[in-house]
Trainee: 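Before anything else, here's the structure in question.
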Amino acid sequence: MSDSPQLVDRFGRVISYLRISVTDRCDFRCVYCMDEEMQFIPRSELLSYEEITRIATAFSDLGVSKIRITGGEPLTRHGIESLFIQLGQLENVKDLTLTTNGSQLARYAQKLKHAGVTRINISLDTLKTERFKALTRTGKLQQTLDGIDVALACGFNKLKLNAVIMRDSNDDEVNALVDYAIAKEMDISFIEEMPLGEIAHDRALSFYSSNDVLEEIQKEKQLQAVPEKTGGPSRYYQIDNTNTRIGLISPHSHNFCDDCNRVRLTSEGLLLLCLGQEHSIDLRQILRDGASNDELRQAIINSMQIKPKGHDFNLKAQPIILRHMSATGG
Ligand code: SAM
Ligand code: SF4
């Protein structure tokens with residue numbers, strides 16, 4: 001394969017990053033992500049591990065260097081370890097990463113390290129046992145904290161926490177979460193709640209902006225902006241005299257689409273060209289119609305022509321996107 005980037009969209013953006021949702025199911029029901037009662041995709045409609053590996057291989061051949069496995073909760077899908085082993089062998093993929101709620105991490109961390117996973121993002125929105133139960137509806141805080149400790153002991157390049165902050169819910173814990181990250185020498189990103197899917201609360205009321213998070217942290221810590229472009233919606237700050245960086249992920253307040261470098265594969269095989277729009281192609285259909293590897297690569301190259309210029313999130317017109325984050329792969 002040629003070394004030059006082959007996945008370039010109409011706006012000249014090079015796509016180097018693929019996020020793969022391996023399941024829409026989860027052992028938690030976080031209030032901002034899911035409804036209490038969810039209809040999940042029948043298992044027969046999920047991409048098999050062989051199909052995911054074929055698609056990931058095509059992306060690797062086309063120059064994609066970073067893959068993130070997400071969901072739903074990826075570590076709840078049976079036999080997931082075998083997928084990591086396959087993806088860990090892809091030639092061009094230098095960064096194989098995972099986003100997880102941490103509930104199964106104590107069991108899996110070492111195996112993931114062996115398979116070639118480089119980095120893990122772990123979601124943690126609160127350090128209070130009862131609040132964790134309320135926010136996740138089914139989760140146990142201690143299980144996630146234990147998972148974090150086991151992963152830390154395995155020596156991954158970088159472990160990062162992800163926290164969604166909601167007004168009048170966990171907005172009083174911003175600095176407690178930062179202190180926890182500092183104590184564990186982890187980075188921490190704060191994500192603004194996105195209007196993906198119908199849920200039980202009014203997102204316009206719970207919305208808490210990244211700027212508010214930043215102000216809260218600056219009351220206690222000295223921060224230095226880090227001039228780093230990731231092709232994503234994050235701004236980074238180093239906390240003085242620590243090994244911890246703060247990330248602020250703000251799809252509403254800061255337009256990041258101009259540098260977008262990513263596409264998403266849903267668990268049922270839709271290639272989504274934008275998190276906040278519906279433009280997609282059905283790679284499962286293409287595979288099940290018997291496409292050769294050349295045809296699969298060509299379909300992916302062609303899809304670049306329908307990647308939209310940007311998203312159009314609007315909290316007042318919610319939900320503009322009917323997919324929950326768990327179906328898309330956050
Ligand atoms: N289950 C895993 C986890 O929680 O880390 C991976 C999937 S989850 C959908 C990925 C990330 O999306 C998590 O950090 C979660 O907090 C975030 N998330 C879920 N729904 C969201 C929403 N509506 N707005 C912003 N972030 C959301
Ligand atoms: Fe599950 Fe992650 Fe969604 Fe929480 S955010 S319900 S852990 S998929």
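Remember, it's 1-based here, ligands and their atoms both numbered in the order they're listed.
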Trainee: Under the side chain to side chain contact (heavy atoms under 4.5 Å, CB included) rule, collect the residues that match up with L270, sequence neighbours excluded.
Mentor: T266, S280, D282

Trainee: If you count the atoms of ligand 2 from 1 in the order shown, which ones are under 4.0 Å from a heavy atom of C30?
Mentor: 4 (Fe), 5 (S), 6 (S), 7 (S)

Trainee: Assess R245 against Y236: is NZ or CZ under 6.0 Å from the centre of the six-membered ring, and within 45 degrees of the ring's axis?
Mentor: yes

Trainee: Measuring only between side-chain heavy atoms, which start at C-beta, is Y237 closer than 4.5 Å to V226?
Mentor: no

Trainee: With a 4.0 Å cut-off on heavy atoms, is E192 touching ligand 1?
Mentor: yes

Trainee: Against heavy atoms of E193, which atoms of ligand 1 measure under 4.0 Å?
Mentor: 24 (N), 25 (C)

Trainee: Hey, does G72 come in under 3.5 Å of ligand 1, counting only N/O atoms on both sides?
Mentor: yes

Trainee: Would you kindly confirm whether I306 and I286 end up in one hydrophobic cluster when ILVMFWY residues are joined by side chain heavy atoms under 4.5 Å apart?
Mentor: yes

Trainee: Can you list the ligand 1 atoms lying under 4.0 Å from a non-hydrogen atom of T100?
Mentor: 2 (C), 3 (C), 5 (O)

Trainee: May I ask you to check whether D294 and Q298 show a side-chain donor-acceptor distance below 3.5 Å?
Mentor: no

Trainee: Just which atoms of ligand 2 are under 4.0 Å from any heavy atom in F28?
Mentor: 6 (S), 7 (S)

Trainee: Check for me whether G72 has a heavy atom closer than 4.0 Å to any atom of ligand 2.
Mentor: yes

Trainee: Would you call D27-R137 a salt bridge at under 4.0 Å N-O?
Mentor: no

Trainee: Need the ligand 1 atom indices (1-based, order shown) with element for anything under 4.0 Å from a heavy-atom of M194.
Mentor: 22 (C), 23 (N), 24 (N), 25 (C)

Trainee: Would you tabulate the side-chain donor-acceptor contacts of residues 144-155 under 3.5 Å, counting partners in other chains and residues two or more places apart, or write 'none'?
Mentor:
unit_1, atom_1, unit_2, atom_2, d
T144, OG1, N101, O, 3.0
D146, OD1, Q142, NE2, 2.9
D149, OD1, K184, NZ, 2.8

Trainee: Which is it for R297 and D61 under the salt bridge (Lys or Arg N to Asp or Glu O under 4.0 Å) test, yes or no, and what are the steps along the way?
Mentor: CA-CA 8 Å; R297 280 192 292 267; D61 290 348; 2.9 Å; yes

Trainee: Of the listed options (S189, S103, S123), which comes nearest to atom 14 (O) of ligand 1 when hydrogens are ignored and any heavy atom counts?
Mentor: S123

Trainee: Do S303 and L273 touch side chain to side chain, with heavy atoms closer than 4.5 Å?
Mentor: yes

Trainee: For C33, counting its heavy atoms only, list the atoms of ligand 1 lying under 4.0 Å from any of them.
Mentor: 19 (C), 20 (N)

Trainee: Give the atoms of ligand 1, by number and element, whose distance to some non-hydrogen atom of V164 is under 4.0 Å.
Mentor: 16 (O), 26 (N)

Trainee: Within the stated cut-off of 2.8 Å, is an N/O/S atom of C33 closer than that to atom 4 (Fe) of ligand 2?
Mentor: no

Trainee: Considering only heavy atoms of I191, which atoms of ligand 1 have at least one such atom less than 4.0 Å away?
Mentor: 14 (O), 25 (C), 26 (N)

Trainee: State the atoms of ligand 1, each with its element, that fall below the 4.0 Å cut-off from a heavy-atom position in G71.
Mentor: 7 (C), 9 (C)

Trainee: What atoms of ligand 1 come within less than 4.0 Å of a heavy atom belonging to T70?
Mentor: 6 (C), 7 (C)

Trainee: Any chance the rings of F28 and F132 have centres within less than 6.0 Å?
Mentor: yes

Trainee: If I apply the N/O under 3.5 Å rule, does N121 come out as touching ligand 1?
Mentor: no

